[in-house]
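Let me begin by presenting the structure, written as structure tokens, before commenting on it.
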Amino acid sequence: PPNVFATHVGKYFSNSVREDGLVTIARCGLVFAKGSAGTIQEIFQDQTQNYYLTEGDPSPMILVGEDYWKWRRPIYPLLCSMAAGRPHDHQLHITDSNDTIVSILTRFRATRIPVQAN
């Protein structure tokens, strides 16, 4: 078990299946830190869901590390060109600021989940 509270262990033996499940259920946005092949795969899985609207309305994609995602792994320019004119073009973000990340996710969540009065 991965921790003392687990009584059973479930393991996907294919990372892509596990990652697709995680990307699919994350409907209030995803934050992508610096990474390589697996992270890039997850970025394109999310981009595909937002592009084709397979899971409903598009959700925020936030890439952390402007230099990294624009120059070292130039994924962001490609994502922008694919999103241009599509419903998710306003949901694609790149930043180095934690405050910006929180602000983007908070604003998006507020539009999706109504606040209940007590």
Side-chain angles (χ1 to χ4, degrees):
N3 67 52
V4 297
F5 301 107
T7 58
H8 295 80
V9 175
K11 169 90 173 127
Y12 282 109
F13 292 98
S14 173
N15 282 344
S16 63
V17 173
R18 182 185 70 240
E19 291 162 356
D20 184 57
L22 292 171
V23 169
T24 299
I25 64 171
R27 298 310 314 144
C28 283
L30 285 169
V31 178
F32 299 96
K34 297 174 185 175
S36 198
T39 303
I40 292 169
Q41 177 179 330
E42 292 167 353
I43 289 170
F44 282 104
Q45 285 174 300
D46 196 28
Q47 171 77 347
T48 301
Q49 289 179 4
N50 281 339
Y51 187 91
Y52 292 114
L53 302 175
T54 57
E55 299 301 321
D57 291 335
S59 60
M61 296 177 67
I62 306 169
L63 282 68
V64 179
E66 193 164 346
D67 177 67
Y68 187 81
W69 292 116
K70 283 186 176 177
W71 305 108
R72 295 183 195 178
R73 299 275 193 268
I75 302 302
Y76 186 72
L78 177 58
L79 295 174
C80 288
S81 68
M82 293 178 68
R86 304 283 305 176
H88 69 291
D89 65 350
H90 64 286
Q91 297 294 3
L92 185 58
H93 309 275
I94 190 166
T95 188
D96 291 308
S97 164
N98 290 337
D99 291 338
T100 300
I101 294 167
V102 171
S103 175
I104 291 166
L105 295 175
T106 302
R107 279 194 321 264
F108 182 78
R109 187 174 187 273
T111 67
R112 297 295 185 255
I113 302 171
V115 177
Q116 295 180 353
N118 290 336

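The two residues P87 and P58 have their closest heavy-atom pair at O-CG, 3.7 Å. Across all non-hydrogen atoms, the minimal contact from T95 to S97 is OG1-N, 3.0 Å. The two atoms that bring A26 and S59 nearest to each other are O-OG, 4.0 Å, heavy atoms only. Listed here is the closest heavy atom pair of R73 and S36: NH2-OG, 3.6 Å.
The CD1 atom of I94 lies 6.0 Å from the OH atom of Y76; values are rounded to the nearest 0.5 Å. Distance check: Q45 CD to T54 OG1 gives 10.5 Å after rounding to the nearest 0.5 Å. Distance check, rounded to the nearest 0.5 Å: CG of L92 to CG of D46 gives 9.5 Å. Note that OG1 of T106 and CD1 of I101 are 11.0 Å apart. Values are rounded to the nearest 0.5 Å. One finds the CD atom of E42 at 6.5 Å from the CZ atom of F32 (value rounded to the nearest 0.5 Å). Summarising the geometry, atom CD1 belonging to I75 is positioned 6.0 Å from atom CD1 belonging to I43; distances are rounded to the nearest 0.5 Å.
Side-chain heavy atoms closer than 4.5 Å link hydrophobic residues (I, L, V, M, F, W, Y) into clusters, and following such links, even through other members, never connects Y52 to L30. Grouping the Ile, Leu, Val, Met, Phe, Trp and Tyr side chains by contacts below 4.5 angstrom, directly or via other members, places V102 apart from V31. A continuous path of hydrophobic side-chain contacts links Y68 to F44 [ILVMFWY only; heavy atoms under 4.5 Å]. In terms of hydrophobic clustering, with Ile, Leu, Val, Met, Phe, Trp and Tyr side chains grouped at heavy-atom distances under 4.5 Å, M82 and M61 are assigned to a common cluster.
A distance-only check finds no donor-acceptor pair linking the side chain of Y51 to the backbone of H88 [under 3.5 Å]. Under the 3.5 Å distance criterion, the side-chain polar atoms of R27 are matched with a main-chain donor or acceptor of D57.
I104 has its side chain out of reach of F108: every pair of non-hydrogen atoms, C-beta onward, lies at least 4.5 Å apart. Under the 4.5 Å side-chain criterion, counting only non-hydrogen atoms from C-beta, H93 is in contact with Q91. The shortest distance between side-chain heavy atoms of T100 and S103 does not fall below 4.5 Å.
Residues R107 and T111 have side chains that never bring a donor and an acceptor to within less than 3.5 angstrom of each other. With hydrogens and angles left out, the side-chain atoms of T24 and Q49 include a donor and acceptor closer than 3.5 Å.
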